[in-house]
Amino acid sequence: MGFTQTLSRRWLGVILAAGLAAPALASDESFNRSFEAARAQQWQQIDHDGIRGHVLEGYVEYHELKSRLPGVSPSVINDYLKRHQDSVLSEWMRGVAQDAWGSRQQFDDFLAISDGVPQGTTRQCWYYRALLNQAPQRAAIGGRELWLVGHSQPAACDPLFERLRANGAITGADVWARTMLAWRAGDDAMMRYLPGELPTDWQPQRTALERLQGDPGRITELPGLVNNNAQGVSSLYSTAMARLTRQNTAQALIAWREIKSRAPLTDEQQHDIEHDLAFYSLVRDISANAQWADAAAAELGDQDLLELRTRKALEHRQWNEVATWIERMEEDDRHDAHWQYWLGRARQQLGNEAEARQAWQIAAGQRSFFGFAAADRINQPYALENERVTIAEHDLKDAAALPSMRRIAALYRINEPGLARAEWYYLMRHLPSAQRPTLTQYALTQQWYDLTIYAAIRGDHWNALNWRFPQGYAELFQKWGRSRNIDPWLLMALARRESSFNPQAQSPVGARGLMQLMPGTGQHVSQQLGVPWQGVSSLEDPETNVMLGSAYIRDMAARYSGNRIAASAAYNAGPGRVDRWLAQSDEPFDLFIEEIPFRETREYVQAVLTYRAIFEGLAKGSTEGVHMMTEHERTTRYSGALQR
């Protein structure tokens, strides 16, 4: 199936009017020199005549205006914001102006360039401080929302909170509510001073809290300490139970049974307490709580509890219970491929092949790891559900003429991919949803693979697989797959999961490039291959990254007798952990994956295997004969015997 997307002429005209200039007269080289000078605040080195008309001229002006703050009038800033309203530059300019004026309490200037509630807690506190005199009710509502959190807020919020407490907008009940939030969150610093801020008529509640803080197990004494009708008592009960449940789950159930009928709790509070008790009882395997937890999970019917209970049954190979707990799920949840797969496995283990096949048939209609695994069990091709989107050629030409697209292209030309992505993310946040497909397809034509994937996901185009799984750097992966004798579709799947085909991707821990190699790993593999190590920055070169990454995953596969499931797990979690998991296992592939103790790695392995099948199916135009796993990977036992 598919559809044709037309770029609205009216919408195109609006964006063109927002900033489409005549063809740029300035060269990228002259612009780049001035841009670097602006970044270094070398203002005399900027050649304004030389960059006039360049599509990125606003970037130089941004740095110039930023350097002049706070000594710039709001009218100048607003003029800039209007001229660059289709660019992330407007968002950045507004933010730095708000920071400059907010920190100096120039609140009239702050409001003059604000467009509603700003992003970020500090800016929000300045915003509501600015409104205290102009719109006190709005300031009170916003300020109270900032107050009611269980953690400290920036110092910029203190004057706002002081004013709101002084005028009664933040009451004793609000102080108590924040105290309960802080206690629940375990913020000891806040708990040292917040109770002391309570009004004197809250003394009984404060005394009870002080007794429970040291030992929440004393919650059973609470009925004798404070009247059930006193303000905030219900939240004291619910918060104390939350603390006790986390500290001592067995004791918490004993206490709950004693106080449940006497505690002044709402239905929602009671539900939350019993949910937490059941959850921690199951996670921690509290045998004394097991019967109660089962009854609570069944009665509450919360999906996370039913899933957890199903996993516990799987862990103990209690196949009858696996089926029972899955069948308790709501229909939409129960029909997810994950649970239909395991329902089929349970029915098979119980000797009911016909019903097992029915469950697998439902699962096999879904594009997921368990959907594909179910399809393998009943020998049918995978369901890709691919939706091809067709964009008219003239619409793609219109897209290329947009100032936003010209800026992104120019930023890539001058080697500023981070700024190009910032422009794209801003555009996708503000673009009418109906117009996203045209620009998504245009990004694909430019081989901006990570931008294409981002836009497809943000636009909820889950079935547009050509966008979500573009053939990014396919020739590289095929080349090095052949060279290393490693599955090229696996290489593509790893890169898609790791970086969305962003060559400059960097993780918080320092992994880089398409296949997200750590610098230490890159250097080690280079030495193994006898290839000169070119430094960390070389990992952002696609050829180098795939050359090294393919060798590393090849080594991981060799470590586990060529098994790509274990190799993928090792690529994510490290081979040491996978060695331990295998040593403690002797299971088929599905149970081994389901019981990987790290959720991140469990989902990672499932995603990589699913992606490799999707990539192969898209490349071949059919999933006939395509499989996530080899026959050996599907039938072998996952144990220490896999290690070589």
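All figures in this text were calculated on a predicted structure; none of them were measured in a lab.
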R178: what forms a side chain to side chain contact (heavy atoms under 4.5 Å, CB included) with it, not counting sequence neighbours?
W147, V149, Q153, F161, M190, Y193, L194
With no hydrogens and no angle check, just 3.5 Å: does a side-chain donor-acceptor pair link W339 and T310?
no
Which pair of non-hydrogen atoms, one from L306 and one from G301, has the smallest distance, and what is that distance?
CD1-O, 3.9 Å
Ignoring hydrogens and angles, state whether a donor on the side chain of R367 or N463 is under 3.5 Å from an acceptor on the partner side chain.
yes
Distance from S114 atom OG to Q98 atom CD, nearest 0.5 Å?
4.0 Å
Check against side-chain hydrogen bond (donor to acceptor under 3.5 Å, both in side chains), W292 and S281
CA-CA 9 Å; W292 178 90; S281 296; over 6 Å; no
Tell me yes or no: between the side chains of S500 and D450, is some donor less than 3.5 Å from an acceptor?
no
Pairing residues for L350 by the side chain to side chain contact (heavy atoms under 4.5 Å, CB included) criterion, not counting sequence neighbours:
W319, N320
When rounded to the nearest 0.5 Å, the distance separating CD of E258 from CG of L222 is 11.5 Å
Is there a side-chain contact between N78 and K82, using heavy atoms and a 4.5 Å cut-off?
no
Using only heavy-atom distances, determine whether the side chains of R421 and N502 contain a donor-acceptor pair under 3.5 Å.
yes
My understanding is that only residues two or more places apart in sequence, or in another chain, count here; which of them pass side chain to side chain donor-acceptor pair (under 3.5 Å) with Q340?
none
Which residues pass the side chain to side chain contact (heavy atoms under 4.5 Å, CB included) test with Q231, sequence neighbours left out?
A173, W202, Q205
Testing the basics here: between G459 and R436, what is the closest heavy-atom pair and its distance to 0.1 Å?
CA-NH1, 4.1 Å
Please determine whether salt bridge (charged side-chain N to carboxylate O under 4.0 Å, His left out) holds for the pair R206 and E197, giving the CA-CA distance in whole Å, both sets of side-chain angles, and the decisive distance to 0.1 Å.
CA-CA 10 Å; R206 181 181 172 185; E197 300 295 309; over 6 Å; no
Polar contact flag, side-chain donor to acceptor under 3.5 angstrom, T601-N572:
yes
E595 and S585: side-chain donor and acceptor closer than 3.5 Å?
no
Can you name the one residue among K312, R328, R309 that meets salt bridge (charged side-chain N to carboxylate O under 4.0 Å, His left out) with D294?
R309
Quick one: sort the W581 and F598 rings into parallel, tilted or perpendicular, breaks at 30° and 60°.
perpendicular
Starting at CG of D336, measure out to CD of Q303 and round the result to the nearest 0.5 Å.
8.5 Å
Rounded at 0.5 Å granularity, tell me how far CD in E315 sits from CG in L308.
9.5 Å
Taking D302 for its side chain and L305 for its backbone only, find out whether a donor-acceptor pair lies under 3.5 Å.
no
Please tell me whether Y454 and Y425 form a close aromatic pair, meaning their ring centres lie under 6.0 Å apart.
yes
If you compare all heavy atoms of G172 against all heavy atoms of L198, which two are closest, and at what distance to 0.1 Å?
O-CD2, 3.8 Å
Cut-off 3.5 Å, side chains only: do Q606 and H338 have a donor facing an acceptor?
no
Nearest heavy atoms of A139 and L164, plus distance in Å
O-CD1, 4.0 Å
Hey, what do you get for CG (D586) to CD (Q584), rounding to the nearest 0.5 Å?
12.5 Å
For Q203 and T207, which I'm curious about, is there any donor-acceptor pair between the side chains at under 3.5 Å?
yes
Counterpart residues, ring pair (Phe, Tyr, Trp, His ring centres under 6.0 Å), relative to H430 (two or more places apart)
Y426
Does a side chain donor of either W126 or Q105 reach within less than 3.5 Å of an acceptor in the other side chain?
no
Quick one: CH2 on W92 to NE2 on H84, what's the gap to the nearest 0.5 Å?
12.5 Å
Assess, by modelled atom type and distance only, whether the side chains of Y127 and R138 contain a donor and an acceptor separated by less than 3.5 Å.
yes
Using every non-hydrogen atom in the two residues, find where V605 and S568 come nearest and quote the distance to one decimal.
CG2-C, 4.3 Å
Hits for ring pair (Phe, Tyr, Trp, His ring centres under 6.0 Å) against F110, two or more places apart or cross-chain, chain-then-number order -> none
